Every structure is written in C-alpha cells, then in structure tokens.
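See below for the structure under consideration.
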Amino acid sequence: MSDTDPLTPRRRIALVDVNNCYVSCERLFDPTLEGRPVVVLSNNDGCVVARSAEAKALGIQMGDPWFKLAAQAPAWGLEYRSSNYELYGDLSRRVMELLARYSAWQETYSIDEAFLGLRGTTAELTARARDIRAAVLKHVGLPVSVGIASSKTLAKLANHGAKRTPALGGVANLDAYTPDQVTRILESLPTDEVWGVAGRTKKRLTELGIHTIADLRGADPGLIRKKFSVVMQRTVYELRGIDCLPLEPPSPTREQIMFSRSFATPVSTRAEMERVLSVYAQRAAGRLRKQHSVAREMTCFASTSPYDPTHPHESAAGGASFPIPTDDPVEMVKAATAALMPRIREGARYVRAGVMLAGIRPAGADTPLDVFVPLHDQRGLGRLVDDVGRKFGSASIGLGLAGVKGAPIWSMKRERLSKRATTHWDELALVHAR
DNA sequence: TCTGGGGTCCTAGGACCC
DNA sequence: TCTGGGGTCCTAGGACCC
C-alpha cells in the first residue's frame with residue numbers, strides 16, 4: 001500500500017528524547033538530586049554539558065566553565081557531577097531497546113534521541129506517544145519528550161514545543177494544529193531554533209531578510225540552494241512537511257576516529273608529550289580494532305590554551321599515512337611520534353592533544369602481499385593487547401611509554417563521579433534498610 | 001589555577017585520466 | 001585568431017549536531 005492510499009494513514013515521524021539526559025541519569029540513582037539545580041560537567045570537569053530545569057532557571061548556560069560557577073554553587077544549592085558515560089550509555093541502550101517495541105523504523109540518532117516511523121490517525125499517534133512516555137518512565141526510569149510531525153525537521157520542532165510548554169505533558173503532535181496555528185508558531189521562532197541552523201547561517205539568513213522559521217519555510221528553495229547548500233534547501237522542504245531525510249539506521253562503523261583529551265595539568269616537556277601521544281595513539285588504535293577496521297591516515301595535534309591572555313595560543317599538528325592500512329598499535333605510536341614530536345616545543349604549556357584516524361575501511365578488505373605486511377601485524381600485537389585489556393582491565397597493559405603505572409598527572413580530573421550502577425557489580429546502588 | 005569530546009555532511013579546488 | 005569536456009578521487013575547510 002502506498003502513502004497516498006486513503007485508507008492507510010501516512011507515515012509520521014516521532015522524535016523521542018530524554019529530558020536533560022545526563023542529569024536525569026544521575027537522578028535515577030541519587031534521588032536527593034530531585035527538584036534541585038544540578039549540572040553535569042564535561043570531561044576534566046571543565047564545563048557544563050547538561051542542566052536540570054532548576055539549573056537552567058538560574059541562568060546557567062550550556063558550556064559555562066565550572067570554575068566560574070563553583071564559588072556560587074553552595075549559595076544556589078547547585079549540585080554537580082562529573083560525566084559518567086558508562087552509566088549514560090547503558091541507560092541509553094535500555095531506552096532504545098524499549099522504543100524498538102513501538103516501531104520497526106527506528107533510527108538512534110544520539111545517546112539520548114531516536115526517530116521512530118509511525119502510522120495512525122492524529123489521535124492514535126498522540127495516544128501512542130503518551131504510552132511511550134509512560135513506558136520509558138516505568139521501565140527505565142527516565143523522562144522523555146515526544147514530538148510528532150511529517151518530517152524529521154518538524155518532529156524536532158514539535159519536540160522542542162513539547163519541552164517548552166508544560167501543559168502539553170511532554171507530547172506535541174503537529175498534526176493536531178491547524179495550518180494557521182502552525183504558521184503562527186513558526187512566525188514566533190528565530191531561524192536558529194531549527195535543526196541545522198546555527199549562528200553563522202542565522203546571520204547570513206538575516207541579511208537576506210529571513211528572520212523567522214516561517215520566513216525560511218517560505219523562501220525560494222532554488223535561491224537557498226545557491227546561497228547556502230543542498231542541506232539548507234532540504235531544510236526548507238522539510239519545513240513544508242516534505243520528508244527529505246531518510247529514516248535509516250546509521251552505519252555501525254565510524255568513518256573517523258578521534259581520541260583527544262584536555263589535560264588536568266598542562267604538559268610542558270617533550271618527554272611527557274611523547275608519553276601522551278603514545279597512550280592516545282594506542283587508544284585510537286584500540287577503537288579502530290573494536291570496529292574491525294584499519295586506517296590509512298592519521299593526524300595528530302596539540303595546543304596551548306586559547307584563553308590564556310599571557311601567552312599566545314599555539315598549536316602543533318602533523319599527519320602520517322599508512323601505505324598499507326593498519327590497526328597495529330606499534331605502527332600507530334611510531335607514526336604519531338614522527339608526525340608530531342618535531343613540532344612540539346619544550347616549555348610550551350600544552351593543555352590538549354589528540355590523535356585522529358581517517359581513511360577507515362574494513363580490516364582484511366584488501367589483503368597485501370606478504371612481503372609488504374609490517375612485522376608487528378604478523379605478530380597480532382593489537383589483538384593481544386585487546387585480549388589482555390578485556391580480561392584484566394584496560395589499565396593493565398600498555399606498550400612502551402604508555403607504561404602501566406598509576407594515573408599520570410595529566411590524566412582526566414573527575415571529582416564527582418557517580419557509580420556505574422548498572423554495569424559494575426561492585427558499584428550497585430545501595431538501598432539502606434531501616 | 002580551572003573553558004569537552006566526539007562526530008557528520010557538503011563544497012571547492014587540484015591532480016589526474018581518457 | 002581559435003586551445004575539450006567529462007569524469008574520478010582526494011583534501012582542506014566550513015558549518016553544524018549532541
């Protein structure tokens with residue numbers, strides 16, 4: 001049956017996402033956080049990446065550095081947590097499994113969002129969305145919002161509406177509104193509230209006299225394509241309710257792999273930077289092996305703080321390519337060192353470094369002649385490291401400078417890390433009995 | 001003192017090929 | 001005087017997302 005069959009309701013798209021995801025995950029295992037302002041911080045306890053409604057009400061913004069908030073936190077009663085990705089990832093997986101019961105078309109878009117394809121009348125779909133909310137709350141314990149519309153872009157907007165208007169009870173179905181009502185809603189929203197438009201594009205749209213989402217919807221698609229790109233043109237169509245973005249599960253293998261971190265303490269010696277690079281290259285190679293891929297190119301970088309007014313911002317970058325794509329940690333470490341170390345200045349205060357891998361393809365896709373295979377590949381060193389790490393923990397093995405000693409001074413700061421309550425037996429939540 | 005860490009897609013332009 | 005045209009592949013950089 002086709003979408004035009006009068007007896008078959010047209011497909012609609014629902015966007016389900018977890019409200020204030022990381023904060024909600026923290027509250028699940030620490031109910032004392034309920035009703036209070038809470039933020040979750042980025043790696044290294046650097047800046048705010050999630051805020052409870054109460055924290056938003058205090059004016060705290062996404063990306064605010066923690067050190068600027070810390071002094072006022074006690075007066076505000078503001079609680080903070082270091083990010084616990086293992087916990088969030090596990091809870092996310094449970095939510096996604098539950099959502100799969102509601103639709104055969106599911107696209108997990110991020111750790112806290114999924115698109116679902118649904119068919120039914122407007123009233124049926126609104127009711128189904130309420131079921132979904134109740135089920136996720138009951139079985140996983142997390143609050144979600146649901147937006148329903150005829151395209152992904154509109155479903156996103158509906159979802160924002162569901163969040164902003166408490167009276168909607170967490171569900172907004174755009175089909176329940178008249179065209180005039182929808183127009184009035186879109187007229188009240190600036191262009192950067194739409195998915196795919198941020199600061200730069202908003203500014204350029206303003207110069208063209210396009211101020212609201214309604215203006216963008218009414219713009220000439222050909223002109224938009226010429227001035228911007230095919231992506232923005234699709235946004236115009238999507239706003240008109242024409243579904244242009246396929247609902248497909250994204251590829252399970254990444255096309256680019258990056259391992260990068262800010263340091264708890266700056267790294268200012270070449271010797272220390274060499275250790276950092278060695279560890280990061282091995283971590284990147286590990287991720288590569290985990291998805292059974294090999295890489296052809298590597299880029300490494302290190303940079304000083306862009307916020308330090310007393311020193312100019314410095315960055316170093318260097319690349320390497322592997323004529324025979326590889327996942328071998330020894331080769332990766334060697335390449336990273338050769339690419340970046342000549343550009344590292346003794347005494348510069350580096351605050352961040354990273355290793356990126358590109359030109360990624362499935363391992364074993366093209367088998368090179370034996371004589372071209374580096375010796376380390378033949379020894380299967382990468383797989384050995386992976387096996388040992390899996391059995392005894394990732395800190396138990398490392399090559400060369402990665403060493404196996406305790407955490408070096410530059411490793412991540414996580415002062416308020418909650419327990420990994422759902423994935424580690426020794427970190428289960430404790431329920432006190434009276 | 002202290003400001004995240006991943007990713008994606010698109011476009012333009014150059015090299016190279018026939 | 002007039003000096004092809006189309007295709008692929010690759011890279012760098014921009015913009016955006018969560």
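Every value quoted in this text rests on a predicted model; they were computed, and no experiment measured them. Naming: A, B, ... by sequence-line order, numbering from 1 per chain.
Note: OH (A/Tyr85) to C1' (C/dC18) measures 10 Å, nearest angstrom. Atoms NZ (A/Lys68) and P (B/dT1) sit 13 Å apart, rounded to a whole Å. The separation between A/Arg261 atom CZ and B/dG6 atom P is 4 Å, rounded to whole Å. Following rounding to the nearest Å, A/Phe228 (CZ) and B/dA12 (P) show an atom-to-atom distance of 14 Å. If you measure from atom CZ of A/Arg352 to atom P of B/dC2, you get 16 Å, rounded to the nearest angstrom. The distance from atom CD of A/Gln256 to atom C1' of B/dG6 is 9 Å, rounded to the nearest whole Å. The distance from atom OH of A/Tyr22 to atom C1' of B/dG5 is 10 Å, rounded to the nearest whole Å. Put simply, CE on A/Met356 is 13 Å from P on B/dG5, counting in whole angstrom units.
For the OP1/OP2 pair of B/dC9 and a distance below 4.0 Å, the side-chain nitrogens and oxygens of A/Arg234 include no atom meeting the criterion. Contact between the side-chain N/O atoms of A/Arg200 and the OP1/OP2 oxygens of C/dA15 is found at a separation under 4.0 Å. Within the 4.0 Å cut-off from OP1 or OP2 of B/dG6, at least one side-chain nitrogen or oxygen of A/Arg287 is found. Residue A/Trp66 has no polar side-chain atom (N or O) positioned under 4.0 Å from OP1 or OP2 of B/dG4. The phosphate of B/dG5 has OP1 or OP2 within less than 4.0 Å of a side-chain N or O from A/Ser262. Between B/dC2 and A/Arg349, a contact under 4.0 Å exists linking OP1 or OP2 to a side-chain N or O.
The side chain of A/Asn43 lies closest to B/dG5, out of B/dT11, B/dG5, C/dC18. Considering only side-chain atoms of A/Arg254, the nucleotide from B/dT8, C/dC17, C/dT11 that sits closest is B/dT8. Residue A/Met258 has its side chain nearest to B/dG6 when only C/dC16, B/dG6, B/dT3 are considered. Listed nucleotides: C/dT11, B/dG6, C/dC18. Nearest to the side chain of A/Arg296: C/dT11.
Within the 4.0 angstrom heavy-atom criterion, only backbone atoms of the sugar-phosphate kind lie near A/Val230; the bases stay farther away.
Judged by closest nucleotide on DNA chain B, A/Phe67 is the one of A/Val231 and A/Phe67 placed further toward the 5' end. In this structure, A/Cys47 and A/Arg225 both approach DNA chain B, and ranking their closest nucleotides by distance from the 5' end singles out A/Cys47.
Pairing partner, C/dC18: B/dG5, with both Watson-Crick or wobble hydrogen-bond distances short of 3.5 Å.
Ion pairing between A/Arg414 and A/Glu86 fails under the 4.0 Å rule for side-chain N and carboxylate O. Between A/Asp64 and A/Arg51 there is no salt bridge, since no side-chain N of the basic residue sits under 4.0 Å from a carboxylate O of the acidic one. The pair A/Glu79-A/Arg27 fails the salt-bridge criterion, with no side-chain N (NZ, NE, NH1 or NH2) lying under 4.0 Å from an Asp/Glu carboxylate O. Taking 4.0 Å as the cut-off between side-chain N and carboxylate O, A/Arg93 and A/Asp90 count as a salt-bridged pair.
Seen from the ring of A/Phe263, A/Arg261 does not count as a face-on cation partner, given the 6.0 Å and 45° thresholds.
Side-chain N/O atoms of A/Arg254 and A/Ser293 include no donor and acceptor closer than 3.5 Å.
For A/Tyr307 and B/dT3, the ring-to-base geometry satisfies the stacking test (centroid distance below 5.5 Å, interplanar angle below 30°).
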